[in-house]
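Ligands are counted one by one from 1 in listed order, and the atoms in each one are counted from 1 as well.
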Amino acid sequence: MSLIVQKYGGTSVGTPERILNVARRVAKNHSEGNGLVIVVSAMSGVTDNLIKLAKEISTEPTAREMDVLLATGEQVTIALLAIALEKLGVPAVSFTGAQAGIVTDGVHTKARIKNIAPKMVKSALADNKVVIVAGFQGQTADGHVTTLGRGGSDLTAIAMAAAVKADLCQIFTDVDGVYTADPRMVPNASKIAELSYDEMLEMASLGSKVMQARSVEFAKKFKVVFEVRSSFNDNPGTIVKEETSNMEAVVVRGVSLEKNQAKVTIGGVPDKPGVAVRIFSALAAAAVNIDMIVQNVSAAGVTDISFTLNRDELPTARKTVEPIVRDIGATGFTAQEGIAKISVVGIGMRSHSGVAASLFEALAAAGVNIQMISTSEIKISVIVDEKEAPQGVKAAHDKFGL
Ligand code: ASP
Ligand code: MG
């Protein structure tokens with residue numbers, strides 16, 4: 001008998017029929033003699049609707065009350081799933097995050113888990129019950145309801161798996177696993193059988209669309225092995241775990257694409273200490289998330305600084321940086337939308353050379369112009385024109401034999 005934590009996301013529990021489907025899958029696993037902790041999200045669209053409701057009443061609801069409101073979404077699903085299991089004759093009990101012993105800090109709407117004391121969970125498991133836990137929520141030490149940030153049910157599942165020392169943690173979602181590229185763009189993309197935590201984290205568009213990044217970081221820290229798989233079929237998914245030496249044999253694991261990017265260039269920046277900090281601390285204070293930063297070699301005492309960011313944050317960035325541009329005596333602020341970031345990711349890059357050259361060769365052959373380049377130990381990213389991005393992704397995918 002194994003102890004398994006399973007998490008079902010919003011689409012997997014989106015309708016009563018789908019909840020019954022989940023119940024049938026859980027019932028089967030239970031009849032095979034496994035101990036089961038099932039973490040569920042709110043039914044799809046519910047959390048968004050709750051946010052909309054609050055916004056219709058006030059433009060500035062307090063974070064505390066938003067948590068009380070949003071936590072109701074998952075509470076609906078746990079009860080419905082328990083009812084579905086009862087109907088199938090499977091003993092089950094539903095718990096809120098607080099009842100499951102999830103204690104968080106007091107940062108409402110993005111609380112961090114401090115510890116888990118799953119007393120009720122353990123005793124229900126000992127009674128052979130399927131335990132159903134509301135994802136995305138917890139409680140502070142003094143009893144206030146909190147939530148863990150959007151997509152936080154993934155975190156609940158990973159943390160529960162660590163707390164009960166589960167043999168297996170399965171994240172059921174609406175995709176089959178993590179692919180070598182987006183299959184809608186690259187028809188011959190294939191499912192990745194095994195992936196390291198770091199690769200999962202770096203594959204922004206492939207990995208974190210599937211799972212909340214924080215939950216992957218948590219899994220890495222507590223060495224929770226998990227599988228991402230579909231709740232709509234029985235195909236094996238993608239296993240995410242600590243890297244093993246044979247993982248390094250594959251140089252590039254996948255090609256990921258982030259659209260909706262923008263590039264800002266500040267021209268004629270005086271080349272002296274304290275300038276970069278002015279620009280980027282102001283952006284940080286305005287909560288603008290900066291991705292790549294490139295500074296040119298200076299000529300005649302001035303230089304250019306370019307950075308990329310999410311396109312939605314461009315207006316804020318403009319408002320924040322333009323006054324500083326004038327202040328420091330730089331000559332201009334230019335913004336360019338319509339760009340995208342292509343990344344090739346793989347821990348094998350640490351021990352193989354020539355990956356950058358191969359990528360650039362592939363892009364050149366496909367006629368894709370590179371506007372910016374950045375690298376990390378296990379990733380090479382390039383900024384390209386958004387219109388050329390699909391060709392670029394395909395070319396990279398072919399080049400590395402994925
Ligand atoms: N219901 C929450 C959300 O939509 C948490 C989750 O689904 O993981 O963000
Ligand atoms: Mg999700």
Going by distance alone, is a donor N or O of one side chain under 3.5 Å from an acceptor N or O of the other, for Ser196 and Asp198? no
So is Gly73 touching ligand 1 or not, going by heavy atoms under 4.0 Å? no
Answer yes or no: does an N/O atom from Asp154 fall short of 3.5 Å to an N/O atom of ligand 1? no
Distance filter under 4.0 Å to Ser41 heavy atoms, resulting ligand 1 atoms: 6 (C), 7 (O), 8 (O)
What I want to check is whether the side chains of Asn310 and Asn289 have a donor and an acceptor closer together than 3.5 Å. no
Could you tell me, atom by atom, which parts of ligand 1 come under 4.0 Å of a heavy atom of Ser153? 5 (C), 6 (C), 7 (O), 8 (O)
Is the shortest heavy-atom distance from the side chain of Val255 to the side chain of Ile342 under 4.5 Å? yes
Measure up the His144 and His108 rings against each other and bin them: parallel (under 30°), tilted (30 to 60°), perpendicular (over 60°). perpendicular
Considering only heavy atoms, does Gln212 approach ligand 1 within less than 4.0 Å through its side chain, its backbone, both, or neither? neither
Report yes if Phe136 has an N/O atom closer than 3.5 Å to an N/O atom of ligand 1; otherwise report no. no
Check this for me: Lys220, atom NZ, are more than 12 non-hydrogen atoms of other residues, nucleotides or ligands nearer than 6.0 Å? no
Please check this pair: side chain of Gln336 against backbone of Lys263, looking for a donor-acceptor N/O pair closer than 3.5 Å. no
Just distances here: any N/O of Arg150 and N/O of ligand 1 closer than 3.5 Å? yes
Check if Gly10 has a non-hydrogen atom at a distance under 4.0 Å from any atom of ligand 1. no
